[in-house]
Amino acid sequence: MKRGEGFTALSGSSIGTKAGDMTKVLAENMMRLALDEVSDEELDRARNMLKCNVLTQLESRLVLFEDIGRQLLTYGKREDTESMCKKIDDVDKKMIKELVRR
């Protein structure tokens, strides 16, 4: 989440008739993040969930190879899992505020 590094996206899925509700929930949560500080417990839980999801996905060879290709095309190098986890752990409350206020 460094300045000038590009693109931020939100993703969600729902049945077609609930797409508006999903969009509203995503927007409300972004507003809440902009106005209220996340607790240490929420931040730790989010970090742990993200690391768990990333590492679990990389257990699949297909996903691993896609990730290697994407990283090589995007960054010109492959980032190891320790480096990815360090970047996740380095995210702090201030960085979250800056992101949602953009």
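Nothing fancy with the numbering, it's 1 onward along the sequence. Reckoned from all heavy atoms, side chains included, excluding hydrogens, waters and symmetry mates.
By the salt bridge (charged side-chain N to carboxylate O under 4.0 Å, His left out) test, D40 pairs with K93, sequence neighbours left out. Residues forming a side-chain hydrogen bond (donor to acceptor under 3.5 Å, both in side chains) with S11 (at least two apart in sequence, or on another chain): none. Remark: D90 pairs with K86 by the salt bridge (charged side-chain N to carboxylate O under 4.0 Å, His left out) rule, at least two apart or across chains. Looking at residues two or more places apart in sequence or on another chain, you find a side-chain contact (heavy atoms from CB on, under 4.5 Å) between K94 and D92, E98. For the side-chain hydrogen bond (donor to acceptor under 3.5 Å, both in side chains) test, no residue two or more places apart in sequence or in another chain qualifies with N48. The side-chain contact (heavy atoms from CB on, under 4.5 Å) test applied to M22 returns S14, L26, not counting sequence neighbours. In terms of the salt bridge (charged side-chain N to carboxylate O under 4.0 Å, His left out) criterion, E66 has no residue partners (sequence neighbours excluded). Residues meeting the side-chain contact (heavy atoms from CB on, under 4.5 Å) test with M31, sequence neighbours left out: L35. Applying the side-chain contact (heavy atoms from CB on, under 4.5 Å) test to T23 and every residue at least two apart in sequence or in another chain returns nothing.
Within 6.0 Å of CD on E41 lie no more than 12 heavy atoms contributed by other residues, nucleotides or ligands.
Cluster annotation: L64 is connected to I88 through the hydrophobic network of ILVMFWY side chains, with a link wherever side-chain heavy atoms come within less than 4.5 Å. Linking ILVMFWY side-chain heavy atoms closer than 4.5 Å, directly or via other members, places M49 and L99 in two distinct hydrophobic clusters. In this structure, L62 is not a member of the same hydrophobic cluster as L58, with clusters built from ILVMFWY side-chain heavy atoms closer than 4.5 Å. In the hydrophobic clustering of ILVMFWY residues, with side-chain heavy atoms under 4.5 Å counting as a link, V38 and V100 come out together. Tracing side-chain contacts under 4.5 Å through hydrophobic residues (I, L, V, M, F, W, Y), one never reaches V91 starting from V54; they form parts of separate clusters.
Contact check for L43 versus I96: side-chain heavy atoms found under the 4.5 Å cut-off. Between C85 and L55 the shortest side-chain heavy-atom distance falls below 4.5 Å.
Hydrophobic cluster of V25: no remaining members, since no ILVMFWY side chain lies below 4.5 Å from it.
Pairs of residues two or more places apart, or lying in two chains, that qualify as side chain to side chain donor-acceptor pair (under 3.5 Å) and include a residue from residues 67-80 are D67-R70, D67-Q71, E79-S83, E79-K87. Applying the side chain to side chain donor-acceptor pair (under 3.5 Å) test to every pair with at least one member in residues 53-64, sequence neighbours left out, gives no pairs at all.
The pair R47-D44 meets the salt-bridge criterion, since a charged nitrogen lies less than 4.0 angstrom from a carboxylate oxygen.
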